[in-house]
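Written below as structure tokens is the structure these notes are about.
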Amino acid sequence: MWKPGSSSNKIWTVTVSPELRDRTPLVMVHGFGGGVGLWILNMDSLSARRTLHTFDLLGFGRSSRPAFPRDPEGAENEFVTSIETWRETMGIPSMILLGHSLGGFLATSYSIKYPERVKHLILVDPWGFPLRPTDPSEIRAPPTWFKAVASVLGRSNPLAVLRVAGPWGPGLVQRFRPDFKRKFADFFEDDTISEYIYHCNAQNPSGETAFKAMMESFGWARRPMLERIHLIRKDVPITMIYGANTWIDTSTGKKVKLQRPDSYVRDMEIEGASHHVYADQPHIFNAMVEEICDSVD
């Protein structure tokens with residue numbers, strides 16, 4: 001369904017089990033270049049005992065694609081404001097907030113500004129937390145697919161190659177990210193998932209341009225979240241879930257614990273999973289998230 005965001009913007013929303021209103025709902029925020037469809041391996045399980053909401057971030061998927069501020073703080077604030085306006089419109093008093101990658105960064109920023117709305121913050125392979133090391137040997141290499149795209153595009157928007165490719169775009173998704181077809185093979189035997197990712201990113205690159213303003217390079221944020229994580233109210237519990245084979249710096253969880261010594265912080269790893277841990281090991285991931293949610297109410 002469509003729900004209003006900030007001003008006249010619309011946020012594309014999927015709600016599962018709306019009748020289970022007696023428990024705190026789970027709200028899931030996707031990562032860069034994604035959309036609600038990428039949670040398909042998780043929705044049934046995670047909505048069995050509570051309402052589940054997921055939406056396309058402003059500027060991505062089927063949501064509106066406005067012009068974002070070009071500075072990193074302004075772009076971040078626009079995302080956060082749209083999430084809060086969405087929450088108000090949905091009539092959600094408080095939520096368990098889960099964010100993956102860029103969604104984890106934005107969920108954390110939201111929790112800093114609106115802690116009273118967050119019962120538990122779940123960060124799944126969150127992007128943009130650590131400060132960029134000054135020693136190049138400490139920098140983890142970005143994923144192979146991104147290096148391939150970057151070699152073609154140079155300084156263009158990260159996914160501009162898909163728009164330039166036109167009707168060949170879905171084929172490029174399959175070429176650069178063949179792993180996605182394998183991850184979702186239980187649902188789709190054809191190229192549905194490649195087509196979906198293509199159409200999520202073939203339109204006006206509104207959110208993509210905002211992400212570019214927020215990043216120093218693909219793996220690093222201009223305003224690293226580790227410098228601000230202590231600003232979240234102490235009574236907001238945080239759980240961080242990483243894939244054991246991710247390119248994200250998994251030591252971030254331990255650093256968050258040091259930043260919040262008087263707060264609940266737990267970090268967990270899932271073996272056999274990479275950055276898209278929710279799709280690599282969905283059964284383990286779903287069980288972890290269910291356990292966290294059950295600790296809330």
Side-chain angles (χ1 to χ4, degrees), residues 24 26-32 57 71-84 87 94-135 138-140 142 210-211 213-244 246-270 275 277-278 285 288-289 291-293 295-296:
T24 302
L26 172 63
V27 175
M28 303 174 75
V29 187
H30 67 80
F32 173 73
L57 281 165
D71 63 292
E73 184 174 4
E76 181 182 326
N77 287 339
E78 185 77 6
F79 278 123
V80 169
T81 298
S82 71
I83 295 172
E84 173 58 7
R87 182 205 62 79
S94 61
M95 57 190 159
I96 300 163
L97 185 58
L98 181 153
H100 169 253
S101 197
L102 170 62
F105 181 90
L106 297 175
T108 306
S109 183
Y110 178 91
S111 299
I112 292 172
K113 193 168 184 180
Y114 302 102
E116 70 280 3
R117 303 301 181 187
V118 181
K119 290 278 193 77
H120 199 121
L121 177 62
I122 305 174
L123 303 176
V124 183
D125 246 59
W127 170 86
F129 271 64
L131 284 67
R132 182 167 185 163
T134 54
D135 183 352
E138 297 178 12
I139 298 177
R140 292 193 178 197
F211 175 70
M214 292 162 57
M215 72 178 192
E216 182 176 346
S217 63
F218 186 76
W220 313 95
R222 292 185 185 275
R223 305 178 68 237
M225 196 54 71
L226 262 182
E227 295 185 329
R228 296 178 277 153
I229 193 75
H230 66 282
L231 298 176
I232 297 179
R233 208 166 66 188
K234 292 182 183 296
D235 62 344
V236 177
I238 300 174
T239 299
M240 309 182 78
I241 302 174
Y242 292 95
T246 183
W247 57 272
I248 294 283
D249 184 357
T250 57
S251 69
T252 297
K254 296 177 177 58
K255 293 172 183 174
V256 171
K257 287 182 180 180
L258 292 174
Q259 293 266 18
R260 297 173 59 80
D262 301 322
S263 302
Y264 178 94
V265 179
R266 182 183 182 189
D267 65 313
M268 310 165 75
E269 273 194 9
I270 297 181
H275 181 53
V277 56
Y278 59 91
F285 174 81
M288 281 185 174
V289 174
E291 178 189 355
I292 295 165
C293 291
S295 71
V296 176

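Keep in mind that this is a model prediction, so the values were computed, not measured.
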Taking atom [atom1] of [X] and atom [atom2] of [Y], what is their separation to the nearest 0.5 Å?
| X | Y | atom1 | atom2 | value |
| --- | --- | --- | --- | --- |
| Leu123 | Met225 | CG | CE | 9.0 Å |
| Glu84 | Asn77 | CD | CG | 13.0 Å |
| Tyr114 | Met95 | OH | CE | 10.5 Å |
| Glu73 | Ser109 | CD | OG | 9.0 Å |
| Lys255 | Asp267 | NZ | CG | 12.0 Å |

- Any salt bridge (charged side-chain N to carboxylate O under 4.0 Å, His left out) involving residues 95-124? Give me the pairs, sequence neighbours left out, ordered by first then second residue. Lys119-Asp297
- Query: Taking only residues two or more places apart in sequence, or in another chain, which ones meet Ser101 in a side chain to side chain donor-acceptor pair (under 3.5 Å)?
  - Reply: His275
Check for a donor-acceptor pair, side chain of [X] on one end and backbone N or O of [Y] on the other, with a separation under 3.5 Å.
| X | Y | result |
| --- | --- | --- |
| Arg266 | Thr239 | no |
| Ser295 | Ile292 | yes |
| His30 | Leu57 | yes |

- Item | Test applied, side-chain contact (heavy atoms from CB on, under 4.5 Å); reference residue, Tyr110; option that passes from Thr81, Val29, Val27, Ile83 | Ile83
Does any non-hydrogen side-chain atom of [Y] lie less than 4.5 Å from one of [X]?
| X | Y | result |
| --- | --- | --- |
| Leu26 | Val289 | yes |
| Met288 | Ile122 | no |
| Tyr242 | Val277 | no |
| Tyr264 | His120 | yes |
| Met240 | Val124 | no |

- Qualifying residues under side chain to side chain contact (heavy atoms under 4.5 Å, CB included), relative to Ala75, sequence neighbours excluded: Ala210, Met214
ring-ring contact (aromatic ring centres under 6.0 Å, His included) partners for [X], two or more places apart:
| X | answer |
| --- | --- |
| Phe79 | Phe68 |
| Phe285 | none |
| Phe129 | none |

- Note on the structure: The salt bridge (Lys or Arg N to Asp or Glu O under 4.0 Å) partners of Glu269 (sequence neighbours excluded) come to none
[X] versus [Y], closest heavy-atom pair with distance:
| X | Y | value |
| --- | --- | --- |
| Val118 | Ser111 | CG2-OG, 3.6 Å |
| Pro224 | Pro130 | CB-O, 3.7 Å |
| Asp71 | Gly74 | OD2-N, 2.7 Å |

- Message: Just to verify, which of Thr250, Thr246, Thr252 counts as forming a side chain to side chain donor-acceptor pair (under 3.5 Å) with Asp125?
- Response: Thr246
- Whether Trp127 and Phe211 hold their rings parallel, tilted or perpendicular, with breakpoints at 30° and 60°: tilted
Please list every donor-acceptor pair under 3.5 Å in which a side-chain atom of residues 227-238 meets a protein atom from a residue at least two apart or in another chain.
residue: Arg228; atom: NH1; partner: Glu76; partner atom: OE2; Å: 2.7
residue: Arg228; atom: NH2; partner: Glu76; partner atom: OE1; Å: 3.3
residue: Arg228; atom: NH2; partner: Arg223; partner atom: O; Å: 2.8
residue: Arg233; atom: NE; partner: Asp235; partner atom: OD1; Å: 2.8

- Item | Steps toward side-chain contact (heavy atoms from CB on, under 4.5 Å) verdict (Ile241, Ile270) | CA-CA 7 Å; Ile241 302 174; Ile270 297 181; 3.9 Å; yes
